[in-house]
2 protein chains.
Amino acid sequence: MYFPLLLPESESELNLRVAKARKAMEAHKLEAMLIVSSANMFYFAGGIFNGYIWLSLTDGPIFFVVPPLKTDSPLSRSIRKPEQIPALLADEGIRIPKRVGLEFDDLLYTEVKRLSGLFPDSEIADASVAMRECRAVKTPYELKVMREDGRKQAAVYSRIPHCYQEGMTDLEFQIEIEHVLRREGCLGFPRVAGRRMEINLGSVLAGENADEPSPYDFSMGGAGADPSLPVGASGTIMHPGIAVMVDMNGGFNGYQTDMTRVWSIEGLPKLAYDAHRCSCDILRDLEKFARPGVEIGELYRRARRLAEDAGLSEYFMGHNHQVKFIGHGVGIQLNEIPVIMERNRGLLAENMTIAIEPKFVLPGVGAVGVENTYIVTPDGLENITPLDEDIHEL
Amino acid sequence: MYFPLLLPESESELNLRVAKARKAMEAHKLEAMLIVSSANMFYFAGGIFNGYIWLSLTDGPIFFVVPPLKTDSPLSRSIRKPEQIPALLADEGIRIPKRVGLEFDDLLYTEVKRLSGLFPDSEIADASVAMRECRAVKTPYELKVMREDGRKQAAVYSRIPHCYQEGMTDLEFQIEIEHVLRREGCLGFPRVAGRRMEINLGSVLAGENADEPSPYDFSMGGAGADPSLPVGASGTIMHPGIAVMVDMNGGFNGYQTDMTRVWSIEGLPKLAYDAHRCSCDILRDLEKFARPGVEIGELYRRARRLAEDAGLSEYFMGHNHQVKFIGHGVGIQLNEIPVIMERNRGLLAENMTIAIEPKFVLPGVGAVGVENTYIVTPDGLENITPLDEDIHEL
C-alpha cells in the first residue's frame, strides 16, 4: 500500500481540505499541527496508516509513514519513529513555529506528552477543536460519499421487517439486522469521537428497555446484554404492544449516516402514534427552518416547543432520564459537531451534515420517533436517509 | 441500575482485587488512584458506569456515580461532576495523598488535564502501568469466567466450516462467522488497550492477504475491506490452494479469549502443512516449558529457534513484514500484558492468561498456525480454547 492514498478527485480534494484546515487553524492561532488520530488522518490521507501528518499554515501536508508501508508520493517521507520528524523538517528548510497543535481530545495523555517532546521550543496547543470545526462543514466530495452512505443505510432499513420472527428477543432481532448491514457493506466499526462511547453496531430498543439510562452519550440508552457493555438491546422478548426502535450503524466507506425508524408489534396505544407524529412534525418543521445562519440552539428550542404544544414534554428525549440534545453532526465520526442543544449559540453553515432525532419514550411502550441525516443547504435541509417514516407492524 | 454492580462472589472478590491493586500501587509508589477507564472500572465494579472510582492504600474503593444511575451501596456516592470529589473525600476525613495516579495510557490528554486539577497539591503519576500489572494475574473467579469464554469461542469455532460456501469472498465468510458468534452470545465489542487498535469482530485472512501489513499492532495484517479500516478480510474470492486463517473475537462476558484456526480449500502445498505442524510443535513445547518464574522472552526465543530448526525462519510471524512477538496477555482487554517478545525480561506468574500464536505466512498460500489462550499454572499451560488444531478442508 502506498501513501497518501488516492482520494477520488484527489489533488483538488486534498487542496480543498488543507485550505479548510488552515482556516480553522488561523481561527485557533495554530501555526502548525501534527495529526495522529484516525479520523483526522483519514480526512487528509483518505486512509489510515501508521504515521503522522504535518501541516502548517505555509508548509505541508507531509505524510510521515512508518514502514512496512511504502511511500511513493512527493508528499510522503518514511520514518521509524516520530522523534525523527523535527530533523526531517529542518532538512527541508521548514522551521517549527511557535505554536504547534496536537489533538488533545483525540490522543491519549501519554501520546501528547511524547509528541510534545518533539517541539521543545514551541507552545503546544489543542488541534482537536480546530479539526472538529474544519470537518463539520463537508466538501462536495464528502457530501457525495455521505449521500451514498445514506442510500445504503436506507436500503438496509427497508429490509429490516424481514429480520423479524415472532418470539425473538430484541438482541436476536438486532443480530439479524447487523447481519444484513454487514452483508450490504457496513464496515462493522462505528468510529466515534472521544473515549467514552463504546458500542457495537448500534441499538435495537424494545419496550421499556428504551428508558434504561446508559453511561454513554447516546440519545437513548438501553441496559445492554452485559454489564461490560451497558447500552442497547437487553435480550428481552419482544411482546405485543411495544415499540421497537432501530438505530443501527450506517458506515460503509469511512463516513457514516445515522438513521432511526420504529416498528410495532400488534399495534401501539394512541399516545405512541401521536408522539411519533410529533417527531415527524418536528422534522418537517426543522427541514424548512434550518438553513445557513440559523442559531443551532434554536433548532432544539423549536423542537421542544412543538413537543410541549403537543402535550408530550414529559416523554421528550427520554422519560426517566431526558437528554438535552436532539441531534449532532455526523461524518467520519458518528458524533461530530454541532451538538444540537439549547445552549449551542453557534450558527448552522452550508454543507454541515447533521442527524436530527426527536424521540419520545413512553412508559410501558418504549421509544418512538424518527432520525434522519441531513445536509444543510441554502433552501433548508436535504434528507440523505429518505425512507418511509411511519410505524409499521413487524 | 445500582452500583457497584454485584460481581458473583462479590465482596470477597472485590477485596481480592483491591488487595492486588494496592500491591501494584505500592510497587509504583502510588498512594491513591482515580480510575476512569472502562477496563479498570469493569475490574473493580463488575460493570461500566458513568463515574469514577477512588482507591488509596488505606481508603476506598469509593464509587462516585453520576445520575441517573442510582447508588444503594455503602461504597457509592452520587456526584454530578468530578470536581466534587475532593470535597466529598474531605467530608469523610480522607486526605488526598502526595502522589495520586491517573490512567495516562487509557485516558485522553484532556481528561488527564481536567482530573489533575482535582489534586493541585499532589504529584500526578501514571496508574495505567500499575493496573495493567495488577490485571495481568487473574483471580480464580476471573479464570472461571475466561474458561467459560474459551468454551464458548471453541464451540463457535467448531461450527465455522458450516459458514463456508464455495465461491465466497473472505469477507462474506467472515460475516457468516460473525453472525454465529453474535448468536452464541459474543458481545460484538472487542475491548482493546490503547487508542490505535481499530477492529470489527476479528479477522479472516485468506491467501496472500495475510501478508498485507496493517497499521495496527496485530500479529497478522490484511488489507481490510476499506482504507478507513485497513485490517483483515479484503473482499477477495477464496480460491483453491489457499490457507484461510480465522482469528475472530471471543468476548462473551466482559472478558475475552483469543483463538486462531486454519482451513484449506482443496489442499495446500506440503510446506504449509509443515509450517502448521511446526506451529503446533511450538505450542506443545511451550505448554510444558512455560510456568511461573520462566522469563517471558525465553518463550519467544524457543519458538523462533523451533521455527529456525524447521527451516521456516523466513515465514515466521509474517513474510514481507515479520512481527517481533508470538503472543500477549488477554483478559478484559484483547491486548494485555505480558507481550511475549524477545526483549521481555519479566517472569511468568501463576494465573497469568496469555494467548500464544506462532504463525507462518507463506507466499502464494497465506497464513497457517494455531493460537490458543492459556492459563499459566505450576504444571505448565492450561489450554482454555481446546479444539482440534489440524488444517481441515472447507
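Lettering follows sequence order; numbering is per chain, from 1. Predicted model only: the values in this text are computed from it and were never measured.
Surrounding CD of A/Gln165 are at most 12 heavy atoms belonging to other residues, nucleotides or ligands under 6.0 Å away.
Contacts between A/Gln174 and chain B at a heavy-atom distance below 4.5 Å involve the side chain alone, from C-beta outward. For B/Glu178, the part sitting under 4.5 Å from any heavy atom of chain A is the side chain, from C-beta outward, and nothing else. Residue B/Asp126: no heavy atom, backbone or side chain, is found under 4.5 Å from chain A. Of the two parts of B/Ser37, the backbone and the side chain both hold a non-hydrogen atom closer than 4.5 Å to a non-hydrogen atom of chain A. If you measure heavy-atom distances from B/Tyr255 to chain A, you find no contacts under 4.5 Å at all. Residue contact with chain A, scored on non-hydrogen atoms closer than 4.5 Å, involves the backbone of B/Ile199 exclusively. Heavy atoms of A/Val36 lying under 4.5 Å from chain B belong to its backbone as well as its side chain.
Judged by the 6.0 Å distance and 45° axis criteria, B/Arg17 is not positioned over the aromatic ring of B/Phe44.
Checking A/Asn253 against A/Glu148 by side-chain atom types alone, no donor-acceptor pair falls below 3.5 Å. Residues B/Arg135 and B/Gln333 have side chains that bring a donor and an acceptor to within less than 3.5 angstrom of each other. Looking at B/Asp149 and B/Thr257, their side chains never bring a donor and an acceptor atom within 3.5 Å of each other.
Of the listed residues (A/Asp105, A/Leu108, A/Asn50), the one with the most heavy-atom contacts under 4.5 Å to chain B is A/Leu108. Residue with the most contacts toward chain B among A/Met41, A/Arg191, A/Arg183, A/Glu172: A/Arg191 (heavy-atom pairs, distance under 4.5 Å). When each of A/Leu201, A/Asn320, A/Leu187 is checked for heavy-atom pairs under 4.5 Å with chain B, A/Leu187 comes out on top. Put simply, of A/Ile175, A/Leu229, A/Asn200, A/Leu102, the one with the most heavy-atom pairs under 4.5 Å next to chain B is A/Ile175.
Close placement of the A/Phe104 and B/Tyr109 rings is indicated, their centers lying within 6.0 Å of each other.
A parallel orientation is assigned to the rings of A/His179 and B/His179, their planes being inclined by less than 30° (bins at 30° and 60°). In this structure, A/Tyr164 and A/Phe173 have perpendicular ring planes: the angle between them is above 60°, well past the 30° mark.
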